[in-house]
Every structure is written in C-alpha cells, then in structure tokens.
Undergrad: 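Let me begin by handing over the structure; questions about it come next.
Letters A, B, ... are given to chains in the order of the sequence lines, protein chains preceding strands, and every chain is numbered from 1.
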Amino acid sequence: MGELVADEHVKYILAVEKRKDDFESVVTEHLRINGAYWGLTTVDILGKLESVDQEEIVAWVMKCQHESGGFGGNIGHDPHLLYTLSAVQILALFDRISVLDIDKVSKYIVALQNEDGSFSGDIWGEIDTRFSYVAICCLSLLRCLDKINVEKAVNYIVSCKNLDGGFGCTPGAESHAGQIFCCVGALAITGSLHHVDKDLLGWWLCERQVKSGGLNGRPEKLPDVCYSWWVLSSLIIIDRVHWIDKEKLVRFILDCQDKENGGISDRPDDAVDVFHTYFGVAGLSLLEYPNLKAIDPAYALPVDVVNRIFFK
Amino acid sequence: MEEEKVSDSGGEADPSQLLYHLESILDSHPLINEVGFIHPSQFLSLAEEASTLVSASIETIAQPEDERVNTKLSGGNTPDMVFWNRDHKLGISTEYLLPLYKAAKNAFMAAVGRYNNAKMSRFHEESGEASVSGRSSSFKNFCAVDVMKHSRALLLLNSDFGTAWNYRKLMVSKEPHVANFMDELGFSKLVLSYSPKSECAWSHRRWVIKMISGKCLNLQEIVEKESDLVKLIAEKSKMNYRAWNHRCWLVSYMSSGQVIYEIISSRDWAGLNVADNSCFHYRSRLMLRMLEGSLTKQGPKTISSHDAEYYKILKEELDWNEMLIKRYIGREALWLYRRFLSIYWINQFVIDGADALPHSNQTPISTSEIKTFLDNELQLFYSCQVFSVNDFDDYRAQATFSATYMLWITRHFSQYPGSELIMELRPRDVQEVLEKYCPERSCLWNFLRTP
C-alpha cells in the first residue's frame with residue numbers, strides 16, 4: 001500500500017495550476033475557481049501553502065467578481081453561488097476576506113433566497129439544496145448569517161429528507177451522498193442537527209462502504225475517492241463514523257495515488273485530477289492520517305482557518 | 001451523390017474556418033439528432049461501413065437528399081476528416097477539438113461583447129442621445145443571432161459552459177414565443193446526446209418548462225415526452241442521477257392519471273434494470289405522489305374508492321418486488337426499495353386501532369394483515385439463507401441484505417399491533433448471518449440490534 005506521497009501531490013497541483021493549454025484544462029476553465037479552491041486547500045492541508053503566489057491568486061479571484069457581487073468561475077463568466085463560495089473559501093485560506101466588500105457579496109447571496117426558504121443558484125432560478133449549503137456556509141464565513149431567514153432555509157432542507165434518512169436536491173429527489181453532505185453541513189452550521197435522524201442516516205451512509213474499503217455515493221455504484229469526503233464528513237458531523245472500517249478506507253485512498261507523478265484518482269489505476277486529489281487528501285485528514293492539517297467537516301476548510309475567522 | 005468535404009491535411013486548419021464549417025453543417029442540417037466525438041482512426045471504418053451501405057442501397061432505393069458521406073482519404077488509408085455527418089448523426093474528430101473549442105469560445109465571447117455594447121448604445125439612444133434606434137435595434141438583433149449561433153457550437157463542444165446557457169436563456173426571454181422555447185428543448189436534447197449527465201442541459205430544460213407552463217396548452221404532452229426522453233437516455237447512460245432527478249422533478253407537473261400511468265408503464269423497464277437504484281427511487285416518488293392528498297386530505301377515517309385502488313397498486317408493487325428479489329440474487333437496489341415499500345405501506349394505510357373503519361372491508365390494514373405480511377417477510381428471510389458453500393458472492397450478498405432488511409422491519413414495525421410475530425424471528429439467526437458475511441460492520445449491527 002505505501003504511504004501518502006505528499007510532496008508529489010503538492011508538485012502535481014502546482015503544475016496543474018500553471019497548465020493552461022491542453023484540452024482538459026481548457027474545457028474546465030469555466031469552473032477554474034472551484035479548481036483553485038480544491039488545489040489550494042489540498043496544498044494547505046499538506047502544509048505547503050507558502051509555496052503559492054498569494055498576491056497573484058487574490059488579484060485573479062477578485063477579477064472573477066461580477067458587478068452584482070457574485071463570483072464567476074473565471075474572468076468574464078457569469079456569477080453563480082457555487083463559484084462565490086469557492087472565492088470566499090480561497091480568500092479565507094489566505095486570511096484575506098478583508099479585501100471583500102462583504103455587504104455587496106452578502107446582498108448577492110441574500111437576494112437568491114426564495115419564499116419557501118430554498119436558494120436559487122443564480123438569477124435563472126434552478127433550486128438545489130447544494131445552493132442552500134453554499135449560501136449558508138458563505139454567509140457564515142462572512143459572519144452575516146443573520147441576513148437570511150435561517151428558519152425557512154432550514155425547513156426547506158428538512159423538506160428534502162427521504163424515508164431512508166438521506167437527503168436529495170429538492171423535495172422527493174433521490175438521496176445522494178453529495179447532497180447529504182450539503183444538507184447535513186448546512187444544518188450543522190445553523191445548529192439544526194436535531195432535524196436529522198442520526199441513526200437512520202448513519203445506517204444509510206455506512207452502507208456506502210464496499211468490500212474494497214472505498215465508499216460509493218449511492219447504492220449499487222462503484223466506490224469513488226470523492227465520497228471519502230462527502231460520506232465521511234457527514235458521518236463525522238452526526239457522530240457515527242465508528243460504524244465504518246476506517247483502516248480499509250485509508251488503504252483504498254492510498255491505493256488511488258499516482259506515486260510517481262502525484263495526484264489521486266477516483267479509483268485505483270485511473271487518471272488523476274485535482275478534484276479527486278483534494279477529496280482524497282481531505283478524506284485522509286478526516287481519518288487523522290499523520291502530518292496532515294485537520295479539516296473542518298462542515299466548512300471544508302482547515303480547522304485553523306475556520307478558527308481564525310470565528311475566534312479572532 | 002453529394003459529398004461534404006470538410007477536411008484538412010496535417011492538423012494545420014484555421015480554427016475560425018473549422019468553426020465556420022461546424023456552424024454551416026448545423027445550419028444546413030437541422031435534423032441532426034446526435035453528436036459524438038470520434039477518434040481519427042474511426043473515420044476510416046465509418047467510411048468503409050458507409051460505402052458498403054451506399055453501394056448496397058444504390059441498387060435498391062434512391063438516396064435521400066440529406067444523406068451525405070464524408071469520405072475523403074489521402075495518403076493511402078489515412079483519413080484526415082474533421083466532421084462526419086450522415087443519417088442525422090454528427091461526428092467531430094477528437095484531433096480538432098482543442099482548436100474548435102477555442103474558436104467557438106472566442107466567437108461566443110466576442111458576440112456577447114457586441115450584444116452588450118449594442119444594448120448599451122440603444123439605452124443611450126432611448127435616453128435621447130441619438131435618433132437612429134431603428135438601425136441599432138436591427139444591429140442588436142443581428143448580435144443576438146450571433147450569440148445564439150456561437151453558443152450552440154460552444155455547447156456542443158463543452159456542455160457545462162454555464163455562461164453560454166445563460167445567454168441563450170436571455171435571448172429567448174427577449175423573444176418569448178412558445179416556438180423559441182421548444183427550440184431550446186430540441187437543442188438541449190442534442191447536447192444530452194453526447195453529454196447525458198450534463199447538469200446545465202437538464203437545468204435548461206427545467207427552466208424552459210417553468211417558463212412555458214403558464215402559457216402552453218399541451219403541457220401534459222410535453223411532460224410525457226420529457227419522461228420518455230429520460231427513459232431513452234437512461235437506457236444508454238445507466239444510473240444517471242441527473243436524468244432521473246429530472247424525471248422525479250416532472251412528477252409535480254403530472255396529473256394523478258398520469259402518475260398511475262407512469263407507475264404501470266415504467267414497471268417493465270425497472271424489471272430489466274434491477275441494479276439502477278434511481279429508477280426504483282423514481283417509483284417511490286410516484287407512489288408518494290399517488291397517495292399524496294388521498295388519505296391525508298380527507299382525514300384518516302374516510303376511505304375513498306381511489307384509496308382502495310392505490311392500496312391495490314402498492315400491494316402489487318410489494319409482490320412484484322419480491323418476485324424480482326427472488327429472481328435477481330443479491331441486488332441492493334431491490335432490497336432498499338422493499339424497505340421503502342414496507343414502511344410506506346404500514347405508515348400510509350394502518351390506522352390507529354383496528355376499529356377505525358367500521359364501514360370498509362378493503363382498507364386500512366387490519367392486524368391480521370400485518371401478521372400475514374410479517375409472516376411473509378420471515379419466510380423471505382429464511383429462504384435467502386438456503387444456499388451451498390460453493391455459491392458465489394451474490395448469494396452471500398442476498399443473505400446479508402435479507403438480514404439487514406429484517407433489522408429494518410424490526411425497527412419500523414415494533415409499534416404496530418400484530419408485530420409480536422417478529423419475535424418469532426430468532427435474533428440469533430440475523431446476528432449469525434451478519435457476523436458471517438459482513439463482519440466489518442459489526443459496530444452498526446450491534447447498535448441496530450439493541451432495541
């Protein structure tokens with residue numbers, strides 16, 4: 001199995017940041033700010049954030065801001081809540097939230113709350129509990145959660161709970177580990193975890209672990225490293241992580257590394273990418289793997305970054 | 001026979017020419033219904049396949065006008081084609097994706113820039129700064145056409161370029177005719193043909209449906225077609241969460257008759273796709289919708305004839321699910337669906353105390369029915385434990401799923417009269433199965449077994 005090849009992963013991420021001309025990086029340019037968040041958070045968990053050019057990144061992030069206050073996935077792209085959270089998280093990593101006009105950003109988010117408490121992702125009106133999480137997480141990091149109707153936001157999330165204990169993207173939608181993370185994370189941030197049937201949800205979540213030790217996101221699916229984050233963080237938040245085999249999961253994640261060139265893939269022997277590298281390293285951090293910074297399961301940021309915001 | 005030559009030797013093509021060709025093909029072939037990316041080596045086999053087909057068909061039938069074959073070969077057998085277009089299918093060579101994509105993106109961004117400038121200048125005119133609004137209005141329309149054209153090419157190369165979808169929404173909102181909305185349904189369907197999981201494309205369809213739901217007379221028909229589209233896509237793209245999520249979303253637009261029709265008509269498909277958890281979730285969504293507002297709206301003590309019908313459908317679903325469980329060994333999705341059906345059956349139809357319904361002999365569930373049900377579930381559990389040591393993993397999975405299902409039943413049925421029967425299930429039996437086949441989850445099993 002071997003160890004975590006931390007240095008190779010840092011090198012891999014820094015190289016991907018610079019690579020801009022192959023098809024893969026070009027067709028993902030519309031969500032580059034998500035990629036930057038995944039990469040930079042990984043580098044921070046690995047203790048190497050000082051190796052990136054902070055000024056350059058902060059300047060680029062600010063160029064992604066739209067006049068409405070929201071952020072686009074790259075310069076010149078339309079704003080969306082998903083990209084706005086990544087922007088705020090990147091600035092939080094660098095302790096630079098102060099460069100933001102918090103009033104402007106929060107107004108953008110607040111305006112996207114609907115009458116039933118749900119959130120639209122942007123002005124075009126698609127509704128999803130992911131957007132509820134993003135809005136709540138973002139406003140909390142900006143210390144102005146009181147600007148939205150939290151009670152209604154919580155009630156909407158609760159209305160997306162299924163009989164299996166999980167959550168979907170809208171009322172009646174299928175339970176999915178990614179959506180569960182968003183709902184449980186949002187309920188944790190708003191202090192509303194009493195709405196979760198922890199035993200029932202914990203049961204569904206731990207049935208995501210398959211023979212290889214990896215976790216899947218839905219029944220009958222193959223395991224995927226990204227669920228090491230979505231499932232695991234949810235289990236930690238609801239205090240049921242002892243129901244899975246943690247050692248086997250650590251082994252599964254380590255088996256997905258490209259040990260020569262760095263990076264982590266979805267499953268052993270597949271091609272690596274930044275997304276799975278982040279979720280693999282973040283998962284190992286949740287599993288208390290040695291020499292990694294601890295990550296907060298609800299805010300998806302290193303614990304010291306979160307503490308810096310709330311205990312300043 | 002007309003031949004469409006869009007080729008290039010050595011990959012040195014002018015990107016803007018490539019884009020022009022792509023857009024010309026799309027303009028002149030509005031019936032294209034599938035797009036795909038193909039490796040250069042596939043052009044040769046496609047060409048051979050086509051020439052065989054063509055030579056065979058020339059003798060029998062006349063060639064349809066739109067049937068064109070790209071078969072330019074150069075340097076022996078090396079095909080150097082960029083696009084393949086035949087039988088309403090468009091193939092794009094993977095070798096040219098990068099220059100094409102860059103050209104499409106630049107053209108789209110430039111068109112957006114021109115459109116926004118035209119909008120601004122018109123705004124200034126309306127504020128009295130000029131007086132040639134007629135001319136500038138037509139210029140703005142011209143820019144809008146460009147935005148639509150280039151966003152189309154761009155989204156056929158990268159389905160998740162959100163800004164391009166947004167501008168299409170904006171353009172259609174300015175000309176909100178039903179036909180324009182229907183065009184967007186057609187276009188996003190084409191995008192889904194090469195990218196069936198594209199979240200943006202599915203979301204675009206929901207936006208269109210929300211926009212026309214107030215002004216369209218044949219909404220029911222659109223919803224039906226939409227449901228069929230998901231079925232078609234789910235056939236090729238298994239366990240596609242985004243597609244099934246779209247179908248679940250449609251349920252709120254369905255009439256109660258349509259809900260029943262969907263339950264019955266989609267049953268065979270589910271029976272052939274027993275590992276697709278999403279299709280069983282869809283069925284649970286339909287079941288919930290069917291019973292929404294039946295018992296609850298009228299108060300628990302009134303049972304309508306509809307309820308009797310719904311009760312029958314739910315019971316049939318339980319029987320059908322049991323049949324599938326016995327036929328397809330070790331399928332997690334089937335067992336999870338049974339968990340749903342069992343608690344839904346008891347929660348929805350049992351009414352506190354057996355005397356709640358003196359005038360009905362059909363529903364709700366009586367104590368003896370609960371006993372019959374539990375007896376059946378016990379037998380199902382024990383039947384799943386009978387297999388030889390040489391049987392494969394599927395049988396062990398089946399035994400495990402049946403044991404966890406019994407834990408589920410014990411947990412959810414213990415409050416109802418008649419549930420004493422569960423006590424006949426020896427806890428030791430369940431425990432043995434779980435410890436034997438799934439020891440890694442012993443923490444959870446120990447917890448669930450404690451009452």
Undergrad: Measure distances from Leu31(A) to the heavy atoms of chain B and classify the residue's part below 4.5 Å as side chain, backbone, both or neither.
TA: neither
Undergrad: Step through the shown structure and confirm whether more than 12 heavy atoms of other residues, nucleotides or ligands are within 6.0 Å of NZ on Lys63(A).
TA: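 Atom NZ in Lys63(A) is not packed in, count stays at 12 or less.
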Undergrad: Have a look at Glu126(A) and tell me which of Arg205(B), Arg206(B), Arg242(B) forms a salt bridge (charged side-chain N to carboxylate O under 4.0 Å, His left out) with it.
TA: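 Result: among Arg205(B), Arg206(B), Arg242(B), Arg206(B) is the only option passing the salt bridge (charged side-chain N to carboxylate O under 4.0 Å, His left out) with Glu126(A).
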Undergrad: Chain B: which of His242(A), Arg130(A), Lys211(A) shares the most heavy-atom pairs with it under 4.5 Å?
TA: Arg130(A)
Undergrad: Report yes if some heavy atom in the side chain of Cys169(A) is under 4.5 Å from a heavy atom in the side chain of Tyr241(B); otherwise report no.
TA: yes
Undergrad: Considering only heavy atoms, which portion of Tyr282(B) lies under 4.5 Å from any heavy atom of chain A: side chain, backbone, both, or neither?
TA: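 Neither part; nothing is under 4.5 Å.
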Undergrad: Classify the angle between the aromatic ring planes of Tyr101(B) and Phe23(A) as parallel (below 30°), tilted (30 to 60°) or perpendicular (above 60°).
TA: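 The rings of Tyr101(B) and Phe23(A) stand perpendicular, inter-plane angle above 60°.
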Undergrad: With a 4.5 Å cut-off on side-chain heavy atoms, are Asp199(A) and Arg411(B) touching?
TA: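 Touching, per the 4.5 Å side-chain cut-off.
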Undergrad: Given heavy-atom pairs under 4.5 angstrom as the criterion, report whether the side chain, backbone, both or neither of His412(B) touches chain A.
TA: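 Only the side chain of His412(B) comes within 4.5 Å of chain A.
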Undergrad: Quick one: does any side-chain atom of Arg218(A) pair with a main-chain N or O of Met239(B) as donor and acceptor, under 3.5 Å?
TA: yes
Undergrad: For Trp243(A) versus Cys443(B), what's the shortest heavy-atom pair and its separation?
TA: CD1-CB, 3.9 Å
Undergrad: Verify whether the ring centers belonging to Trp124(A) and Trp165(B) lie closer than 6.0 Å.
TA: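 No - the distance between ring centres of Trp124(A) and Trp165(B) does not fall below the 6.0 Å cut-off.
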Undergrad: For atom NZ of Lys436(B), is the number of surrounding heavy atoms from other residues, nucleotides or ligands below 6.0 Å larger than 12?
TA: no
Undergrad: Tell me if a side-chain donor or acceptor on Thr163(B) pairs with a main-chain N or O of His77(A) at a distance below 3.5 Å.
TA: no
Undergrad: Do Glu174(A) and Arg247(B) meet the salt-bridge criterion of a basic N to acidic O distance under 4.0 Å?
TA: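 The answer is no: the pair does not qualify as a salt bridge.
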Undergrad: Shorter than 4.5 Å, heavy atoms on both sides: which option in Asp122(A), Ile244(A), Val26(A) has the most such pairs with chain B?
TA: Val26(A)
Undergrad: Select one option (side chain, backbone, both, neither) describing which atoms of Leu98(B) are under 4.5 Å from chain A's heavy atoms.
TA: both
Undergrad: Check each atom of Gln179(A) against the heavy atoms of chain B and say whether the ones under 4.5 Å are side chain, backbone, both or neither.
TA: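 Answer is side chain: those atoms of Gln179(A) sit under 4.5 Å from chain B.
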Undergrad: Looking at chain A, which one of Leu170(B), Asp393(B), Val112(B) has the largest number of heavy-atom pairs inside 4.5 Å, strictly under?
TA: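 Of the options given, most contacts go to Leu170(B).
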Undergrad: Against chain A, label Asp160(B) side chain, backbone, both or neither, depending on which of its atoms sit under 4.5 Å from a heavy atom there.
TA: both
Undergrad: Could you check Asn162(A) against His281(B) for side chain to side chain contact (heavy atoms under 4.5 Å, CB included), going step by step and ending with a plain yes or no?
TA: CA-CA 10 Å; Asn162(A) 289 315; His281(B) 177 80; 4.2 Å; yes
Undergrad: Check each atom of Asp22(A) against the heavy atoms of chain B and say whether the ones under 4.5 Å are side chain, backbone, both or neither.
TA: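 Interface part for Asp22(A): backbone (N, CA, C, O).
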Undergrad: Counting N and O atoms only, with roles assigned by atom type, does the side chain of Glu220(A) sit under 3.5 Å from a partner on the main chain of Asn277(B), one being a donor and the other an acceptor?
TA: no
Undergrad: Does some side-chain heavy atom of Tyr167(B) sit less than 4.5 Å from a side-chain heavy atom of Asp78(A)?
TA: yes
Undergrad: Please classify the contact between Leu97(B) and chain A as side chain, backbone, both or neither, with a heavy-atom cut-off of under 4.5 Å.
TA: both
Undergrad: If you apply the rule salt bridge (Lys or Arg N to Asp or Glu O under 4.0 Å), what do you find for Glu29(A) with Lys102(B), and how did you get there?
TA: CA-CA 11 Å; Glu29(A) 65 182 334; Lys102(B) 282 184 178 173; over 6 Å; no
Undergrad: Roughly how far apart are Leu448(B) CG and Leu200(A) CG, rounded to 0.5 Å?
TA: 9.5 Å
Undergrad: With a cut-off of 6.0 Å (strictly less than), are more than 12 heavy atoms of other residues, nucleotides or ligands near NZ of Lys197(B)?
TA: no
Undergrad: Yes or no on side chain to side chain contact (heavy atoms under 4.5 Å, CB included) for Glu440(B) and Gln209(A), after CA distance, side-chain angles and deciding distance?
TA: CA-CA 10 Å; Glu440(B) 62 271 26; Gln209(A) 188 163 40; 5.6 Å; no
Undergrad: Does a side-chain N-to-carboxylate-O contact under 4.0 Å join Arg441(B) and Asp245(A)?
TA: no
Undergrad: Can you tell which part of Asn158(B) gets under 4.5 Å to a heavy atom of chain A, answering side chain, backbone, both or neither?
TA: side chain
Undergrad: Do the side chains of Glu207(A) and Arg339(B) get close enough for a salt bridge, i.e. N-O under 4.0 angstrom?
TA: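 Yes, charged N to carboxylate O under 4.0 Å.
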Undergrad: Can you name the closest pair of heavy atoms from Asp164(A) and Trp408(B) and give their distance?
TA: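 The answer is CA-CH2, 4.5 Å.
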Undergrad: Provide the closest heavy-atom pair for Leu444(B) versus Trp203(A) in the form atom of the first, atom of the second, distance.
TA: CD2-CD1, 3.8 Å
Undergrad: Using a cut-off of under 4.5 Å for heavy-atom pairs, which of Cys248(B), Ser278(B), Ser173(B) has the most such pairs with chain A?
TA: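 Max contact count across the listed options: Ser278(B).
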Undergrad: If I measure from the heavy atoms of chain A, does Ser252(B) come under 4.5 Å with its side chain, its backbone, both, or neither?
TA: neither
